[in-house]
Amino acid sequence: MFGGTFDPLHIGHLRSALEVAEFMALDELRLIPSARPPHRSAPQVSASDRLAMVELAVAGLSPLCVDDRELKRDKPSYSIDTLESLRAELGADDQLFLLLGWDAFCGLPSWHRWTELLEHCHILVLQRPDADSDAPEALRNLLAARSVNDPLSLSGPGGQISFVWQTPLAVSATQIRALLADGKSIRFLVPDAVLAYIHAHGLYRAVN
Ligand code: ATP
């Protein structure tokens, strides 16, 4: 599972997802847009627009697909709830991975019931070139106890942490929103279908 606000989805998300799916030979990689992220300010565009952009981007791009369960839930998007509901649909022995960019991983200690996450899945941390901070103190013991060097050696349904290399793409949704608000082009930072959707719906324009 790869969650995010996807406000909007961009090539950093897509390229990471595709490379991890291929490298790990995943049967499925679900992009899961969050409805009301508990940790950050409200997304700039509606959940339905963010979902539509993810759907356009991954159409025909198996094993990438969209999972809209967090948008159907009438409460904040806690990853532990999403994991529990996914785990309930899978067999107890199925491998499940939670994909997190380094910045998201470093924020784990503030997540709701974060210490339970590894009971349901492995965590794969994605390299993110614009984030070069050290792991916070609260994660050091966990990393020492649970991390493995080779992500391909992760075994069992969950419980371990590993790091995956991808092509570094220092793109962020913040940068894209700023470019659009400034009337600049975001061509090649998002798929063409997402670009067309943003323009057709007049999203992320500066409020004057
Ligand atoms: P914002 O700039 O609004 O914070 P974002 O670009 O970080 O947005 P999110 O939707 O918040 O995008 O991110 C979803 C997940 O994707 C997070 O785990 C994040 O770390 C990861 N991610 C985002 N951009 C990249 C990138 N360029 N490379 C690798 N991982 C990324």
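Because the structure is predicted, anything quoted here is derived from the model rather than measured. In listed order, ligands and their atoms are each counted from 1.
- Gln95 places a side-chain N or O within 3.5 Å of a backbone atom of Leu154 that can act as its donor or acceptor partner.
- Near Ala173, the atoms of ligand 1 lying under 4.0 angstrom from a non-hydrogen atom of the residue are 1 (P), 2 (O), 3 (O), 5 (P), 6 (O), 8 (O).
- Across all non-hydrogen atoms, the minimal contact from Arg177 to Pro8 is CG-CD, 4.3 Å.
- By the rule that hydrophobic residues join a cluster once side-chain heavy atoms approach within less than 4.5 Å of another member, Leu61 and Phe6 end up as members of one cluster.
- The closest approach between a heavy atom of Asp7 and any atom of ligand 1 is not below 4.0 Å.
- Ligand 1 is approached by Phe2 to a heavy-atom distance shorter than 4.0 Å.
- Close approach to Asp103 involves these atoms of ligand 1, each under 4.0 Å from a residue heavy atom: 19 (C), 20 (O).
- Distances shorter than 4.0 angstrom occur between a heavy atom of His10 and an atom of ligand 1.
- For ligand 1, the polar-atom distance check finds no N/O of Ala170 at less than 3.5 Å from any of the ligand's N/O atoms.
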All N/O donor-acceptor pairs, side-chain side in residues 179-187, below 3.5 Å, sequence neighbours left out:
unit_1 : atom_1 : unit_2 : atom_2 : d
Asp182 : OD2    : Lys184 : NZ     : 2.9
Ser185 : OG     : Arg187 : N      : 3.0

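- Heavy-atom separations between Gly3 and ligand 1 include at least one value shorter than 4.0 Å.
- Of all atoms in ligand 1, listed by their number and element, those nearer than 4.0 Å to a heavy atom of Gly4 are 10 (O), 14 (C).
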Under 3.5 Å, which donor-acceptor pairs link side chains of residues 190-201 to any protein atom two or more places apart or in another chain?
unit_1 : atom_1 : unit_2 : atom_2 : d
Tyr197 : OH     : Asp49  : OD1    : 2.5
His201 : ND1    : Tyr197 : O      : 3.0

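- Atoms of ligand 1 lying under 4.0 Å from at least one heavy atom of Ala104, given by number and element, are 18 (O).
- Close contacts of ligand 1 with Thr5, meaning ligand atoms under 4.0 Å from a residue heavy atom, involve 9 (P), 10 (O), 11 (O).
- Contact analysis puts Arg177 in contact with ligand 1, with a non-hydrogen atom separation below 4.0 angstrom.
- Hydrophobic clustering, with ILVMFWY side chains joined whenever heavy atoms are under 4.5 angstrom apart, groups Leu143 together with Leu108.
- Side-chain contact between Met1 and Asp67 is absent, with no heavy-atom pair separated by less than 4.5 Å.
- Using a cut-off of 4.0 Å between Lys/Arg side-chain N and Asp/Glu carboxylate O, Arg87 and Glu84 are scored as not salt-bridged.
- Below 3.5 Å of separation, one finds an N or O of Thr174 facing an N or O of ligand 1.
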